[in-house]
Amino acid sequence: MTREPLKIGVLGYRFMGKAHANALARLPMFFPDAPDVERHTLVGRDEGALADAADRFGFAHTATDWEDALDEVDVFYNLGPNHVHAEPSIAALEAGVPVLCEKPLAPTLDEAAAMRDAAADADVPAGTAFNYRFVPALRYAKGLIEDGELGEIRQVRGRYLQDWLADPEAPWAWRMDADMAGSGALGDLGAHTIDLASFLVGDEVGGIDRLSGHLQTFVDERPVYEDGGDVDEGSEGGDGGDAAVAEYRDVTVDDAYSAQVAYESGAIGTFEATRFATGHKNDHAIEVHGSKGSLKFSLERLNELEVLRDGDRGYQTVLVTDETDPYVDRWWPPGHVIGWEHTFVHENYEFLRSVSTGNIPDTFPTFEDGYEVQQILEAITEADKRGEWVNL
Ligand code: SOE
């Protein structure tokens with residue numbers, strides 16, 4: 001008996017809309033055991049841009065009001081700007097519709113708590129799209145840590161370096177507004193690293209006992225260009241180019257952050273992210289040091305893991321592309337490497353399988369995980385404001 005395909009509704013058709021639409025399109029060929037899905041409704045405000053995106057991304061319908069979409073779909077993806085994460089996601093869950101929401105869960109801890117509570121009340125999957133959990137090399141890293149190959153975990157060091165705002169004339173967008181985004185590099189990039197550290201070593205080091213934080217804004221106003229689209233509705237602000245400047249707007253979030261973390265086990269963590277690390281495009285890296293070994297990962301070499309075991313004189317580079325490595329056998333033979341986009345395919349496969357089976361793998365990031373990250377983001381912001389360590 002063929003089951004009806006799951007009708008997917010997606011709010012947001014820019015960068016994350018493209019990444020997830022691509023992932024949905026790849027599932028039938030590479031993950032045939034995934035449930036059948038239909039890219040049903042694409043939701044956005046700008047009808048012209050929305051129609052074009054729906055055509056390119058393969059969506060049958062469009063809607064300018066997410067409430068209309070919720071009545072028509074089986075699963076809801078919230079890929080909009082952070083300030084539109086809470087209301088539609090809560091409404092979907094209250095209607096019994098599973099939700100996959102992009103990170104960070106919300107601009108504020110209160111909204112994240114309301115989303116977490118709605119997910120707890122609904123008996124359907126609710127995922128936070130921390131896509132870097134789905135990198136095969138990081139799954140391999142997690143296995144090494146769980147198998148005790150690194151011994152007692154002593155230190156974790158995470159950084160996420162980008163440079164797309166190093167130009168002070170780069171356009172203003174929602175990611176630079178505290179009301180719309182919540183925070184800047186901290187929530188946009190730091191959320192990934194904080195979740196990843198918890199995913200890799202959380203079981204070994206316990207919760208966070210206390211932390212310090214420092215947030216810095218280098219450029220405190222940016223141009224809105226006349227061709228930048230509706231930045232209040234999520235446009236990424238255009239590319240500046242030769243367009244005239246319509247206005248300048250305040251940047252009310254951090255351009256960079258750093259944090260020190262003391263874990264319950266006595267382990268320590270250091271975290272940082274920036275949008276001003278000139279020369280680094282999307283350099284998400286994490287290092288773990290234990291009593292018996294270390295490992296290093298960088299997204300810029302995402303098929304590789306650097307591993308140092310007890311007695312090794314130096315790190316060894318492991319190419320994580322064997323059939324036995326997670327997800328790799330779905331793609332190509334060993335050595336035929338994968339990329340950033342494949343992490344979204346893995347994430348979509350796991351989420352949609354959990355929707356069809358009702359079982360969420362414990363490796364899948366839920367709204368509870370998203371809330372726990374939001375607690376840490378909030379604590380780092382508070383530590384910065386107070387200029388002192390904050391207990392969690
Ligand atoms: C922009 O900083 C961004 O698109 C983030 O929002 C994503 O989460 C990250 O994966 C890539 O960079």
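Sequential numbering from 1 along the given sequence is applied to the chain's residues. Only a predicted model underlies this, so the values are computations on that prediction, with no experimental measurement involved. Atoms within a ligand are numbered from 1 in the order they appear, just like the ligands themselves.
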Could you find the nearest protein heavy atom to [atom] and give me its residue, atom name and distance?
atom: atom 5 (C) of ligand 1; value: D188 OD1, 3.3 Å
atom: atom 12 (O) of ligand 1; value: Q162 NE2, 2.9 Å
atom: atom 4 (O) of ligand 1; value: F15 CE2, 3.0 Å

Atoms in ligand 1 flagged as close to [X], the criterion being non-hydrogen separation under 4.0 Å:
X: H192; result: 7 (C), 8 (O), 9 (C), 10 (O)
X: N282; result: 11 (C)
X: L189; result: 2 (O)
X: K103; result: 5 (C), 6 (O), 7 (C), 8 (O)
X: Y160; result: 9 (C), 10 (O), 11 (C)

## Note on the structure
By side-chain contact (heavy atoms from CB on, under 4.5 Å), T41 pairs with (sequence neighbours left out) V43, H61, A63, A69, V73
### Query
Which one holds for R175 and ligand 1: side chain close, backbone close, both close, or neither close, with close meaning a heavy atom under 4.0 Å?
side chain
### Message
For W331 together with H342, are the ring centres under 6.0 Å from each other?
### Response
yes
### Centroid-centroid distance, F297 to Y140, less than 6.0 Å
no
Contacts under 3.5 angstrom, residues 384-392 side chains, donor-acceptor by atom type, not counting sequence neighbours:
unit_1	atom_1	unit_2	atom_2	d
D384	OD1	L215	N	3.0
R386	NE	E382	OE2	2.9

### Query
Y371 ring centre to R116 NZ or CZ under 6.0 Å, with the angle to the axis within 45°?
yes
### Task
List the steps and the verdict of side chain to side chain contact (heavy atoms under 4.5 Å, CB included) for D167 and V219.
CA-CA 9 Å; D167 175 0; V219 172; over 6 Å; no
### Message
To the nearest 0.5 Å, what is the distance between OG on S294 and CG on L144?
### Response
11.5 Å
### Query
Are any of the N/O atoms in Y132 less than 3.5 Å from those in ligand 1?
yes
